[in-house]
There are 2 protein chains.
Amino acid sequence: MQLNQRKQQVLEAVVEDHIISAEPVSSRTIARKYQLGVSPATIRNEMADLEEMGLIEQPHTSSGRIPSQQGYRYYVDRLMRRSELTEDEEGQIHTVFARQAHELALTVQHTIKLVTRLTDYLVFFSGPQLERSALQQVQLIALAPQRALMVIISETGWVESKLVDFSFPVTGEDLEQVAGVLNEHFRGLTFSQITRTVLSSIYQELSRQRLLVDYVLEVMESLNTSEHSDGLYLGGTRNVLKQPEYQDIQQVRKLLELVESEQTLREILSDANHEGITVRIGRENRQGQVQDCGVITAVYMLGGNIVGAMGLLGPVRMNYARASTVVECITQSLSAFLSSSGNCF
Amino acid sequence: MQLNQRKQQVLEAVVEDHIISAEPVSSRTIARKYQLGVSPATIRNEMADLEEMGLIEQPHTSSGRIPSQQGYRYYVDRLMRRSELTEDEEGQIHTVFARQAHELALTVQHTIKLVTRLTDYLVFFSGPQLERSALQQVQLIALAPQRALMVIISETGWVESKLVDFSFPVTGEDLEQVAGVLNEHFRGLTFSQITRTVLSSIYQELSRQRLLVDYVLEVMESLNTSEHSDGLYLGGTRNVLKQPEYQDIQQVRKLLELVESEQTLREILSDANHEGITVRIGRENRQGQVQDCGVITAVYMLGGNIVGAMGLLGPVRMNYARASTVVECITQSLSAFLSSSGNCF
DNA sequence: TATTAGCACTCTACACGGCAGAGTGCTAAT
DNA sequence: ATTAGCACTCTGCCGTGTAGAGTGCTAATA
């Protein structure tokens, strides 16, 4: 689809004005505010053409125009100019990541608060997913004769603890020995690399504790399933209510359903599996519940591997220019933070 | 305030009908549905008296009556009959707590889902507060020359992990020795009992690792402050939207603010510090943000100590009879669960 | 040929008024 | 002490009218 320059200017004006005002945009408004040097009548003609192409639409006869979802797409792909963050805003982002050596879970929570201030959309994060990150260490702590606590630490600084109940008594020595062998063999491997087949190699070494090893391996495998990857962090729900599209209680209910079930948000984040920013507008989303929303996602990395993702969700009429800048800046800072010397795991 | 029997019946009818219908209750409705054996006119006379006493009020001239906050209070104190749960509902509760030997955090999350199904209100829980529960074990796991992971396990089955950064290198042996001494001295003490003064007694024993001990103690103290007690679990936000009082977007915004900031909910739970159920109606709440809500709280116990609390929040017009039954049943089951043999820490 | 002024037309949002229905308060009768 | 009856009031709803915003079309203009 090729547009002459003036049509592009008109489309851009319609999109940007509607993003700000949430109202249909009239030809007069564009002529006055965007100084294209032509009269409203000319703009009306251009608008009629744009409407025919499916880039803008009229909510009802004789109203102004609003962008269609394809209109937003054209805008995002070809017209949008990245918006710059102010020095102050960049400063705030750097401050969050300046704190060396903190638990990642805390950092993620601070980041969410920050993004909540920087934009008016719903922010959500997946914590570093274990299956994608490498094992740093496993510890087994005896709690009772038939019970132990398994602590798993990933190289991304993620800590998971899991209670294990045995059907037979185990000694502290057994636990120590098993943990020792596990660490020796698996340190540095990603969790998806630690499969049953690899694991079988340690059976010989631990033939005496075979039953115990079985229990432990079961727990490690259960961590590997995405079902367990519990770390979904989110914030900014009440921000979204500022948007006029959420005046209707029905919309709000849909949004809260999204937030409470978390399932869809997880899905969105796991769809994000390549570097760079992804923008999905309305029906471009696979998930039915967000097909009247705009969604921006990006991943963050450690040592060349994707370890987690971030999402920003708002109405279709969201400020894509600003939102994508924020997402990009945050994920890049987070990746840099993870690779920094502070995280010397 | 003493009411004759018929006034009590009328008040009860007004409260219970309004709880169901959310509409002002007319004299005719009461005469028809609650069979007091008198005509609407008589009921109107009684209502005029009840209004004069401040127990019910008229939203506008010539409308039916709704209970005032004092009216609800009178109802809760003297008229309300505990509602029974069905066998099925009791069964659901027992099922959640039947699973032996699971992490408490998981159990709490299942409980929230359950209560969300049993009532239409906002449910929230504080996890067992460390300062109120006893230490089971501390472990220090070396991660890097100047960094360790401190894992703290309480007798309630709560696991906290905390990263510690040292300004000097420490050896695994040092860590092991310190953990050993800490466990020896403090196992079984509650966290509030582990104060600096008690701690000083171990300095002699660990004179060589004095600096290291200082670091560790600092972390343990930071766990003690309520600011850290991070475990607030909640659910059911979208349930509350079913209530007609939340048709107004303004109300919804206030509710979400409550949910997102969490501060007020924490406060409400820490106000609950005695056994039994507390019902606070509207302005009886200390917290301004919930003065148009009804709040029911109760604590749960382990070994005679209060270790956490649960809250249920809805509009002033909430079903106190049912809600308080649910709260009571859940907290009792949770207390029993914690004391059960399953938790043999 | 591209642009624009002008005008008729359409649609929305809001205010107004009338009306039915629900409910009360009061009075007088029982 | 209770109740029937009646006048009164308030809400919610529906239909109407109107102002304002915005378009589409046509004819004039550069």
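Residue numbers start from 1 in every chain, and the chains themselves are labelled A, B, ... in the order their sequence lines are given, proteins ahead of strands.
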> For dT27(C), which nucleotide in any strand shown is its Watson-Crick or wobble partner with both distances under 3.5 Å?
Replying inline: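 Across any shown strand, dT27(C) pairs with dA4(D).
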> Can a side chain N or O of S27(B) be found less than 4.0 Å away from OP1 or OP2 on dT24(C)?
Replying inline: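 True: S27(B) side-chain N/O within range (under 4.0 Å) of dT24(C) OP1/OP2.
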> Between R65(B) and dG25(C), is there a side-chain N or O to OP1/OP2 distance below 4.0 Å?
Replying inline: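 Result: yes.
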Interatomic distance, [X] [atom1] vs [N] [atom2] [rounded to whole Å]:
{"X": "R28(A)", "N": "dT23(D)", "atom1": "CZ", "atom2": "P", "value": "11 Å"}
{"X": "L36(A)", "N": "dT4(C)", "atom1": "CG", "atom2": "C1'", "value": "15 Å"}
{"X": "M47(B)", "N": "dT24(C)", "atom1": "CE", "atom2": "P", "value": "6 Å"}
{"X": "I66(A)", "N": "dG22(D)", "atom1": "CD1", "atom2": "P", "value": "14 Å"}
{"X": "L50(A)", "N": "dG24(D)", "atom1": "CG", "atom2": "P", "value": "12 Å"}

> Charged N to carboxylate O under 4.0 angstrom, R65(B) versus E57(B)?
Replying inline: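 Not counted as a salt bridge, because no side-chain N and carboxylate O are separated by less than 4.0 Å.
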>> Does this structure show an ion pair linking E257(B) with R253(B), if we count only N-O contacts that are shorter than 4.0 Å?
In response: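 Salt bridge flag = no for R253(B) with E257(B).
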>> Under the criterion side-chain hydrogen bond (donor to acceptor under 3.5 Å, both in side chains), I'd like the reasoning laid out for R317(B) against Q243(B): C-alpha separation, chi angles, the key distance, then a yes or no.
In response: CA-CA 9 Å; R317(B) 177 195 63 80; Q243(B) 310 292 339; 3.0 Å; yes
>> How would you summarise protein contacts on nucleotides 1-21 of chain D per nucleotide, using B for base, S for sugar-phosphate only and - for none, with heavy-atom distances below 4.0 Å?
In response: -SBSB---BSS----------
> What one-letter contact string describes nucleotides 15-20 of chain C from 5' to 3', where B marks a base within less than 4.0 Å of any protein heavy atom, S marks contact via sugar-phosphate atoms alone, and - marks no contact?
Replying inline: ------
>> Using a 6.0 Å cut-off, check whether atom CD of Q92(B) has over 12 heavy atoms from anything other than its own residue.
In response: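 Yes, enclosed.
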>> If we check side-chain hydrogen bond (donor to acceptor under 3.5 Å, both in side chains) with Y75(B), which of these qualifies: Q70(B), Q8(B), E16(B)?
In response: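 Option passing the side-chain hydrogen bond (donor to acceptor under 3.5 Å, both in side chains) with Y75(B): E16(B).
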